[in-house]
Amino acid sequence: MEIPDGYSDIPSGKTASVVTHLQMFQRPPERPERSDVSWTLRKAGSLSGDRYRTLFRRIGEDWLWASRLEMSDDELRTVLDDPLYDAYLFEVEGQEEGLAELDFRAEGECEVSFFGLTPAMVGKGAGRWMMNRALRFAWSHPIHRLWVHTCSLDHPSALDFYIRSGFVPFRRQVEVIDDPRATGLLPREAAPQVPLL
């Protein structure tokens, strides 16, 4: 379907964003990083649904992340327990402050399906530190392609961060979805930079 030039109305209770898909075909050199002895990245293991959703909200509420909040515990466990899916927790002195999730379910490739930090850790070099390790983990598998997508509702620096990390944009889409504040998945005051219509 071709999208017409010009403006298109978005119904009330919906959000629209521009989604950019990015990819790489070989592991890039690691970027110089700030290191902190209190930072660790470990596999999530048997993280409960409630604990996962609490961290997911802390990371993504400002950017209207909601897809995991729609899942039942069983649906979430099916993803997180899949042997071809690796969820990593970024921790600071034992406190969970970030997520990096690598999806190997498509043969020969990996998707960085979620990558984010809580507001307390943004701007401290933790993103670069975590991405260096996520790239190392991903490319330790027999893959030929690593990809990720981000959207215009995400942190303003997200797209540039992925490009600086070695990803190259290859596709752009417009996504229209239910506004998670209108459906009650997120509080109405979430993401005040995006008007709720």
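Scope of the values below: all heavy atoms of this structure, side chains included, with no hydrogens, waters or symmetry mates.
Closest non-hydrogen pair, C110 versus A138, comes out as SG-CB, 4.2 Å. Minimum heavy-atom separation, A16 to V176: CB-CG2, 4.1 Å. Scanning all heavy atoms of the two residues, the minimum distance from F115 to A134 falls at CE1-CB, 4.3 Å.
Ring pair W65/F114: centre-to-centre distance below 6.0 Å. Taking the six-membered ring where the residue is Trp, the centroids of F137 and Y88 are separated by under 6.0 Å.
Within a 6.0 Å radius of CZ in R31, other residues, nucleotides and ligands contribute more than 12 heavy atoms. Counting heavy atoms of neighbouring residues, nucleotides and ligands inside a 6.0 Å radius, atom CD of Q193 exceeds 12 of them.
D36 and S38 share a donor-acceptor pair across their side chains, judged by distance under 3.5 Å alone. For the residue pair Q173 and H21, a side-chain donor N or O sits within less than 3.5 Å of a side-chain acceptor on the partner.
Looking only at distances, a side-chain donor or acceptor of S152 sits under 3.5 Å from a matching main-chain atom of V18.
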Working for side-chain contact (heavy atoms from CB on, under 4.5 Å), residues E96 and L47: CA-CA 11 Å; E96 295 156 1; L47 195 63; 4.1 Å; yes

Stepwise salt bridge (Lys or Arg N to Asp or Glu O under 4.0 Å) test for E30 and R128: CA-CA 9 Å; E30 287 195 6; R128 183 182 296 190; over 6 Å; no

Residues W147, F170; criterion ring pair (Phe, Tyr, Trp, His ring centres under 6.0 Å); working and verdict: CA-CA 10 Å; W147 70 283; F170 72 94; 7.0 Å; no

Stepwise side-chain contact (heavy atoms from CB on, under 4.5 Å) check, V168 with L22: CA-CA 5 Å; V168 177; L22 306 98; over 6 Å; no

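Between Y162 and F167, the ring planes lie perpendicular to each other; the angle is over 60°, past the 30° to 60° tilted range.
In this structure, the side chains of L102 and F104 come closer than 4.5 Å at one or more pairs of heavy atoms. Contact check for L185 versus D178: no side-chain heavy atoms found under the 4.5 Å cut-off. No side-chain heavy atom of V122 sits less than 4.5 Å from a side-chain heavy atom of K124. A 4.5 Å side-chain heavy-atom check between C151 and T20 finds every atom pair outside the cut-off. At least one side-chain heavy atom of E111 sits less than 4.5 Å from a side-chain heavy atom of H149.
Here R77 does not pair with D73 in a salt bridge; the nearest charged N to carboxylate O distance is not below 4.0 Å. Salt-bridge check for R53 with E70: failed, with every basic side-chain N at 4.0 Å or more from each acidic carboxylate O. E97 has a carboxylate O that lies under 4.0 Å from a charged side-chain N of R58, or vice versa, which qualifies the two as a salt bridge. Between R68 and E101, at least one side-chain N (NZ, or NE/NH1/NH2) sits under 4.0 Å from a carboxylate O, which counts as a salt bridge.
Remark: R136 fails to qualify as a cation-pi partner of W139 under the 6.0 Å distance and 45° angle criteria applied to the six-membered ring.
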